[in-house]
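Working notes, beginning with the structure itself.
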Amino acid sequence: MGAIVKKSFKDQDNGMLPKRPPSYLGKIAAAMWRKVVPVLESQSAVQRIDANLVETYCSAYEIYRESYQSIKEDGIQTEIYVSLQNNKGEIVGSEFRGYKKNPATGIFNDASKQLTLIGTQLGLSPKSRAELTNLRGVKTKNSSGNVKQMNAEKAKFFG
């Protein structure tokens, strides 16, 4: 009886990204995984070894969406008030001191930058797709005449 040999990580799924997102991704990140992996594979831009980069992209997208939701609910800034006390230490009022930026705005900005950076590396912008195609000498999976399908998949993804 021969021993069962487990394939190395890069060779699992024939070297392609798994269709199912990793179980530890959040709901929004998992949904992004299911959208982005077919597009990436149709461009033959990624291999299984790039899974962590795709995971990071999907996680950044979830952070982007959640921080945007916080901004919508709580606003870009909040008012700051200071309590006024009498000589006995009792609070007798409050005084307006200005505004404080919602921390979600910084998180939103960081996630946006990360999405742009990683998306460019993965070929998820028109410019980076063109550059990657030129680097590969137009050798994509769909260069065998299936350009309509590739364009339909891109249109569906970028919608």
Minimal non-hydrogen separation, Ala30 against Leu25, with atom names:
N-CB, 4.1 Å
Walk me through whether Val36 and Cys58 qualify under side chain to side chain contact (heavy atoms under 4.5 Å, CB included).
CA-CA 9 Å; Val36 76; Cys58 294; 4.1 Å; yes
Residue pairs passing the side chain to side chain donor-acceptor pair (under 3.5 Å) test where at least one lies in residues 96-117, sequence neighbours excluded
Glu95-Arg97
Can you check whether Leu53's main-chain N or O pairs, donor with acceptor, with Asp50's side chain at less than 3.5 Å?
no
In terms of heavy-atom contacts, Pro21 and Arg34 come closest through CG-NH1, 3.3 Å
Specify the closest pair of heavy atoms between Leu17 and Ala51, including all atoms of both residues, with the distance to one decimal.
CD2-CA, 3.5 Å
Residues at least two apart in sequence or cross-chain that pass side chain to side chain contact (heavy atoms under 4.5 Å, CB included) with Lys72, listed by chain then number, are Tyr68, Gln69
Of the non-hydrogen atoms in Ile118 and Tyr57, which two are nearest, and what is the gap between them?
CG2-CB, 3.6 Å
Heavy-atom closest pair, residues Glu62 and Lys27:
OE2-N, 3.6 Å
May I ask you to decide if Val54's main-chain N or O and Trp33's side chain share a donor-acceptor pair within less than 3.5 Å?
no
Applying salt bridge (charged side-chain N to carboxylate O under 4.0 Å, His left out), name anything that partners Glu90, two or more places apart in sequence or on another chain.
none
I need the Ser67 OG to Asp74 CG distance, nearest 0.5 Å.
11.5 Å
Whether over 12 other heavy atoms sit under 6.0 Å from Leu117 CG:
yes
For Ala111 and Ile63, work out which heavy atoms get closest and say how close.
CB-CG2, 4.0 Å
If you apply the rule side chain to side chain contact (heavy atoms under 4.5 Å, CB included), what do you find for Ile80 with Phe96, and how did you get there?
CA-CA 6 Å; Ile80 301 172; Phe96 176 73; 6.0 Å; no
Assess whether a salt bridge exists between Arg48 and Glu41, defined as any Lys/Arg side-chain N lying under 4.0 Å from an Asp/Glu carboxylate O.
no
Same cluster or not: are Met32 and Ile107 linked, directly or through other Ile, Leu, Val, Met, Phe, Trp or Tyr residues, by side-chain heavy atoms under 4.5 angstrom apart?
no
Any side-chain donor-acceptor pair under 3.5 Å between Tyr64 and Glu66?
no
